Amino acid sequence: MQRRKIILDCDPGQDDAVAMLLALASPELDVLGVSTVAGNVPLPLTKQNALVVRELAGPADVPILAGAERPLRRALVTAEEVHGASGLDGVDLPPPHRTVDPRPAAAFIVEQVMAHPPGTVTLVPVGPLTNVAEAMRQEPRLARRLRGIVLMGGAIGVGNTTPAAEFNIFVDPEAAAIVFASGADLTMLPLDATHQAITTDERIAAIRALGTRVGRVVASWLAFYRRHDMDRYGMPGGPLHDPCAVAYVLWPELFSGRFCHVAIETEGKLTLGRTVVDWWPNKAKPSGAEPNCMVIDRIDADAFFRRLTERLGRL
Ligand code: RIB
Ligand code: CA
C-alpha cells in the first residue's frame, strides 16, 4: 500500500487531538510530522498538548514541531471558552516525557515538501494558517510542489467566531489569504460540513465503550468540548471539526462538495476573516475569478463516526 504522506498542522484543542489520533492510528498515512501553531490556546500550550497526544497514541516517533506564536500581522485571538484553559480540558493527563523537535514548523514544512518528490506531501492544517503561509513565504515553489492542502476552516454560510467568520480563518486572515491565492490544490472542510459531524451521546458512548485508555480519554475530551457548542447551537452534541479533514484524506468517498472560487476578506469591519465562497457563480455577470478550491458541504456522519471509532480502537 502506498502510504499517503501528510503533515498535520494544528492548535490542540480537543478536536485537533482527535484528528491527530486518527492520523496516527491509520496505516494508510505516513505522518511526517505534527506542527503546532497558536490558536485555540497560546503556542506553549498547543505544542505541549501535541506532545501529550503523541504519547497517548503510543510508540509513535513522529516529530512535533513548534511554529508561530502569533498571526502574521494581528494580535492572537484564542478560544479557552471552548477548549478550557489548558486547551485539552476534560481529563488530566501526565506531562509529556519528550520535548518538541528543534526545527521551526515552517522550516520543517519546507524541508519535508522539498525533500520528497513533487506531488507526494499533503498538508492538513486544522488551525490558523500562519505556519503554512510562513512556509510559502520562505519557499515560493512550495504550493505547486505539494500534492495538496486539505484544511478545516471557513464557512459557506455563517461563521462561529463572528457572524461572518470561522475561527481558524478569523485568527489569521492574512495567512489564509496567502494560502487561498497560492495556487495549491485546495480542499476546504468548512463549518457547513463539520456541523454535520455531531458528537451525540450515542457516538461518545461508542468511543467510551472501546474500553481502552484512548477511548476513555477521547470520550472525556468530547464531553467537555461539546458543552459550549450545545449551549450555543442547541444541538444534541458538538461539531467535531478537525478529524473531518483527516477523514477526507483517508475516505474522500464519505464527502461531497463543489469546486468554487474562494477568497478571504482581510479588511472588512464586520466581515474580517470571511471565506467568500462563490457557491452559485453568476453566469450573467461572471466574476472572472477562476475556481481555486474544492469546498465540501456534505459528509456521511454515521460512516465517519463508525470509522473514526474503529481507528481509535487500534491505539
Ligand atoms: O472553528 C473550528 C476550528 O477552530 C477548529 O479547528 C477548532 O479546533 C478551532 O481551532
Ligand atoms: Ca483546530
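Every number for a ligand or one of its atoms is a count from 1 in the order of the listing. What you see is a predicted model; the values in this text were computed from it and never measured.
The closest side-chain heavy-atom distance from Asn160 to Phe170 is not below 4.5 Å. Counting heavy atoms from C-beta outward, His116 and Leu32 have side chains that approach closer than 4.5 Å. Using a 4.5 Å heavy-atom cutoff, the side chains of Leu129 and Ile169 are in contact.
For the pair O of Val126 and OD1 of Asp16, the angle whose vertex sits at the Ca ion (ligand 2) is 140° to 10 degrees.
Shown in contact with Phe167 at under 4.0 Å from a heavy atom are these atoms of ligand 1, numbered in order with element: 1 (O), 4 (O), 9 (C), 10 (O). Residue Met152 has at least one heavy-atom neighbour below 4.0 Å for each of these atoms of ligand 1: 2 (C), 3 (C), 5 (C), 6 (O). Every atom of ligand 1 with a heavy atom of Asp16 under 4.0 Å away is listed here by number and element: 8 (O). Listed by atom number, the atoms of ligand 1 under 4.0 Å from Asp11 heavy atoms are 10 (O). Ligand-side atoms of ligand 1 in range of Glu166: 1 (O), 2 (C), 3 (C), 4 (O), range being under 4.0 angstrom from any heavy atom.
Relative ring orientation between His241 and Tyr225 is described as perpendicular, the plane-to-plane angle rising above 60° on a 0-90° scale split at 30° and 60°.
Of the options Asp15, Val41, Thr46, Val171, the smallest heavy-atom separation from atom 8 (O) of ligand 1 is shown by Asp15. For the residues Asn40, Asp242, Val82, Leu189, the heavy atom positioned nearest atom 9 (C) of ligand 1 is part of Asn40.
Nearest N, O or S atom of Asp242 to the Ca ion (ligand 2): atom OD2.
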Original post:
Step by step, would you call Glu55 with His97 a side chain to side chain donor-acceptor pair (under 3.5 Å)?
Top reply: CA-CA 8 Å; Glu55 296 191 10; His97 296 90; 2.9 Å; yes
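Around CG of Asp92, the count of heavy atoms belonging to other residues, nucleotides or ligands within 6.0 Å does not exceed 12.
Taking backbone and side chain together, Asp11 holds an N, O or S atom under 3.0 Å from the Ca ion (ligand 2).
Using a 4.0 Å cut-off between heavy atoms, Thr194 makes no contact with ligand 1 at all.
No side-chain donor-acceptor contact under 3.5 Å links Arg144 to the backbone of Arg141. Of the possible donor and acceptor atoms, one in the side chain of Asn292 sits under 3.5 Å from a partner among the backbone N and O of Val262.
Atom 10 (O) of ligand 1 has as its closest protein heavy atom Asn168 OD1, 2.9 Å.
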